[in-house]
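Have a look at the structure below, then the notes.
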Amino acid sequence: MNNSTSFRIGNYRPIYLWAGPGTVRMNQLKFMGVNVDVPVHMSAHQGEGVNRVVNNLYQNWIHLTYNWGFPPEIEKEDWDSFEIATQEYHRRNAKVFAYIQTSNCVYDGSFKDKNWYALDPNGEKIYYYSGRYLTCFQNPEWTAYLHERISDAINRQSDGIFFDNLWYGLQPNSLFNTWLGGAGCYCPTCQEIYHREVGLTIPRMIDLKHPDVINYLQWRSQKMTDVFQELSSFARNLKPGIFISANDYDPVMRPVKLIFGIDFSKLAEIQDVTMIENFALPKWEPKLNSLVNNALTLRNSQAFLPEKKHLSVISYATGIGFDPVYPIRQTLTGMAEAAALGCSMVTKGTEYHDGEKMTLLTAPEYTSQQNEIGLFHHWLEDYQAIYQHQTTRIAPVEILHPGDLLWQKWHTIAPLFFAVQQTLLANGIPWVVITNPDQGQQNTPIIVFEKTEPEINLPKNNLIIRAHELSNWIAPKESIFNRNLFLRRILSFLADKLIRGYHGSKSMRTLMDWFGMSKLVTHTPFFKLPDLAFQNDLLKSLEPFITFRVFSKFPVLIDVWETTNSEVNIHLVNYHPQKQKVQLKLPNQSKIKIIQPDLEPQFFETLDKKITIDLDIYCICMIQNN
């Protein structure tokens, strides 16, 4: 395991850069014949695109395409292209992660003869996009093939291995507040292993009222962790000092242990640097009463992150293949939000669609965006000491995470869990997520979410706010499909047919995309703000305890950190697409140094424990010791 100081805000500047011949081929397969800007994709491996990545964008860790999962007779040119690109980036003092497609492969050529595919309860292969199927992690031939790819990537001078899509087999789908279908792999090997180790058969449908189903899902996630540990150890034995990372897919805004078999905290322990992929690129949409953000994801995931482990995040708007290159202010807001919350943002350099073709951020027409991102990276590098000296998040409110109960009772607890945090965010109140009541600070309110929370474990010197008892919260009703197995089976059958049609038929794909149905899978309803009555009810109960707060017409993130010399840094990020005046409330009269990109530092002394700031995108208010 490498020293975590290799990854810090400002000196870790990663970019997702799927390019080269393999990405051209994959885009055409995944998106069923879509047009691709081939010269731009090739240039990112050898040419002007390389200079744009390192110089304009100022990136120093490049996630490069090595293995998309095509059979070797097709993919060899991709491995050669990766090696050339690695040499190009090394010459410019950048490091490279080799992308390994871990859980699926392209059903073509010699791979059609393989017996390593995951199966659903009906014995059918499981789609992963078009032209690809999920593979079985218990199949020794598949894991041996992954060993070959890891070994070859290391031989081609990769600095790190990046494992994508650590998904264990079939994923249950959520529709009408019920879970549809099975989970995991139902191939003979998995069935035999589960029966041998547990003495039961794998449940065909996910019904979370049954303890056997809960136990199976725990078993599945542990198997996924075991596989990842073995693959990582294999890489480290081949090359001590190799860096390991993975796609820790959206571990907060969806119940990933249930859906994918991902146990984020256990996977994070194995990695040198963690990376979350999600659909949370910041966007304030007042007409929809929606505040898309990463504050929820980062605060909650950091609560489960091993000590001193660095977190990074890559966020999309609509999704892969749907988004044009983002407006630069939205990208910079995402970068600022990540930094404010103690995290690095991974630049999305790839899989954009400009309305005519798939393209990359490195295309010449996006020079302005490249330069703006590069300038912000330079600024973060110049001020990296600020982040490195921050030690502890300070907050007047604590959220007690429900733990496994959250995914086990997702449709009941999750709406309230996120409504509370969206309320705090929209009203300029910082909070911290704790996983154990013992972590709570004395005299700080703790918000809990479950009626069965053991009272004996809750601190006696804290105000306990039981969110489920707030008078204006309307709990979701149990789905009729949960109560009627016959109806649920019919719904599961129809959902499976729709998913298979989406991945298997171009006409079905076009129709469903036109209706925006892909968002049912990729997006979350929890970014919508709760109604004002609920917000006011919660805020009223917290008002006497609020020390730090930001008041603004439009939403502003506030995050507060104590430093190694006992000073306080207050980070403010403006979610509104234009500059606005904000008022910062402090617990004491203070002298403050304010740092903002593109501006000289300013010095103020507060009046009445408040200060008014012209906030563009981001500022850091450093409270000075007297």
Side-chain angles (χ1 to χ4, degrees), residues 291 293-300 302-303 337 340-342 390-402 416-449 453 458-467 469-470 529-530 534-552 555-563 566-575 582-590 592 606 608-613 615 619-625:
L291 177 56
N293 67 87
N294 260 312
L296 275 60
T297 290
L298 298 182
R299 282 188 171 125
N300 281 276
Q302 284 168 334
E337 180 191 46
L341 291 160
Q390 294 177 163
T391 56
T392 307
R393 178 174 274 130
I394 301 172
V397 180
E398 295 169 341
I399 302 283
L400 180 59
H401 195 282
L416 177 58
F417 182 68
F418 295 119
V420 165
Q421 294 178 74
Q422 285 289 85
T423 297
L424 298 176
L425 179 63
N427 288 278
I429 299 172
W431 76 95
V432 63
V433 178
I434 59 176
T435 59
N436 189 307
D438 294 339
Q439 298 170 340
Q441 298 297 310
Q442 192 169 2
N443 300 320
T444 301
I446 299 177
I447 303 177
V448 300
F449 298 89
E453 186 69 50
L458 296 175
K460 293 182 173 56
N461 293 327
N462 297 71
L463 171 69
I464 305 300
I465 298 175
R466 294 168 178 82
E469 295 179 0
L470 291 172
L529 299 181
F534 172 80
Q535 292 188 48
N536 291 334
D537 199 10
L538 177 61
L539 295 173
K540 184 178 179 181
S541 65
L542 294 172
E543 187 173 359
F545 301 90
I546 302 304
T547 50
F548 296 95
R549 186 174 180 181
V550 61
F551 295 90
S552 56
V556 169
L557 167 73
I558 175 172
D559 209 28
V560 185
W561 293 82
E562 186 176 10
T563 70
S566 299
E567 293 184 340
V568 173
N569 293 340
I570 304 169
H571 299 257
L572 302 177
V573 179
N574 182 13
Y575 289 116
V582 304
Q583 187 179 72
L584 178 61
K585 173 190 172 184
L586 302 168
N588 302 298
Q589 295 288 93
S590 305
I592 297 179
T606 60
D608 301 324
K609 304 179 185 179
K610 296 178 182 177
I611 184 172
T612 299
I613 301 168
L615 180 62
C619 78
I620 306 173
C621 302
M622 306 172 70
I623 299 180
Q624 308 289 291
N625 285 330

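From a predicted model like this one, the values you see are computed outputs, not experimental measurements.
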Checklist outcome for this item: Here the pair of heavy atoms bringing P555 nearest to N574 is O-OD1, 3.9 Å
Item to check | Listed partners of T563 passing side chain to side chain donor-acceptor pair (under 3.5 Å), at least two apart | outcome: N565
Checklist entry - Is a side-chain donor or acceptor of K585 paired with a backbone partner of I546 at a separation under 3.5 angstrom? => result yes
Item to check | Non-neighbouring partners of T423 that pass side-chain contact (heavy atoms from CB on, under 4.5 Å), sequence neighbours left out | outcome: N427, P530, F534, Q535, L538, L539
Next on the checklist: For H401 together with F449, are the ring centres under 6.0 Å from each other?
Outcome noted: no
Checklist outcome for this item: In this structure, CD1 of I464 is separated from CG of L400 (nearest 0.5 Å) by 8.0 Å
Checklist entry - Rounded to the nearest 0.5 Å, what separation is found between the CD1 atom of I394 and the OG1 atom of T392? => result 7.5 Å
Checklist entry - Quick one: side chain to side chain donor-acceptor pair (under 3.5 Å) partners of T391, sequence neighbours excluded? => result none
Checklist entry - Where do L341 and R299 land on the side chain to side chain contact (heavy atoms under 4.5 Å, CB included) test, with the steps shown first? => result CA-CA 7 Å; L341 291 160; R299 282 188 171 125; 4.0 Å; yes
Item to check | Q390 versus H571, side-chain donor and acceptor atoms under 3.5 Å | outcome: yes
Next on the checklist: Between L529 and L291, is there a side-chain heavy-atom distance shorter than 4.5 Å?
Outcome noted: yes
Checklist entry - Are more than 12 heavy atoms from other residues, nucleotides or ligands located less than 6.0 Å from atom CD of Q302? => result yes
Next on the checklist: Rounded at 0.5 Å granularity, tell me how far OG in S552 sits from CD1 in I613.
Outcome noted: 11.0 Å
Next on the checklist: Run the side chain to side chain donor-acceptor pair (under 3.5 Å) test against Q439 and tell me which residues pass, sequence neighbours left out.
Outcome noted: T435
Item to check | Where T444 and P396 come nearest, the two heavy atoms and their spacing | outcome: CG2-O, 3.4 Å
Checklist outcome for this item: The ring-ring contact (aromatic ring centres under 6.0 Å, His included) partners of F548 (sequence neighbours excluded) come to none
Checklist outcome for this item: Sorted by chain and residue number, the salt bridge (charged side-chain N to carboxylate O under 4.0 Å, His left out) partners of R393 (sequence neighbours excluded) come out as D559
Item to check | Rounded distance [0.5 Å steps], CG in N569 versus CD1 in I620 | outcome: 6.5 Å
Next on the checklist: Checking side-chain polar atoms at under 3.5 Å, does W431 have a donor or acceptor matched by the opposite partner on E398?
Outcome noted: no
Checklist entry - F551 versus V556: any side-chain heavy-atom pair under 4.5 Å? => result no
Item to check | Contacts of type ring-ring contact (aromatic ring centres under 6.0 Å, His included), residue Y575, not counting sequence neighbours | outcome: none
Checklist entry - Are any of the side-chain heavy atoms of I465 and L463 separated by less than 4.5 Å? => result yes
Checklist entry - Can you check whether Q421 reaches I399 side chain to side chain, under 4.5 Å on heavy atoms? => result yes
Item to check | Check: M622 and I570 side chains under 4.5 Å, non-hydrogen atoms | outcome: no
Checklist entry - By side chain to side chain donor-acceptor pair (under 3.5 Å), which residues pair with N293, not counting sequence neighbours? => result Q422
Item to check | Test side-chain contact (heavy atoms from CB on, under 4.5 Å) applied to T606 - qualifying residues, sequence neighbours left out | outcome: L586, Q589, S590, I592, I611
Checklist outcome for this item: Of all heavy-atom pairs linking K609 and N588, the shortest is CG-C, 3.8 Å
Checklist entry - Any side-chain heavy atom of E337 within less than 4.5 Å of one from L557? => result yes
Next on the checklist: Taking the side chain as everything from C-beta on, heavy atoms only, tell me whether F418 gets closer than 4.5 Å to L296.
Outcome noted: yes
Item to check | Rounded distance [0.5 Å steps], CD1 in I447 versus CG in L542 | outcome: 5.0 Å
Item to check | Spatial distance of atom CZ (F545) from atom CD1 (I429) [nearest 0.5 Å] | outcome: 12.5 Å
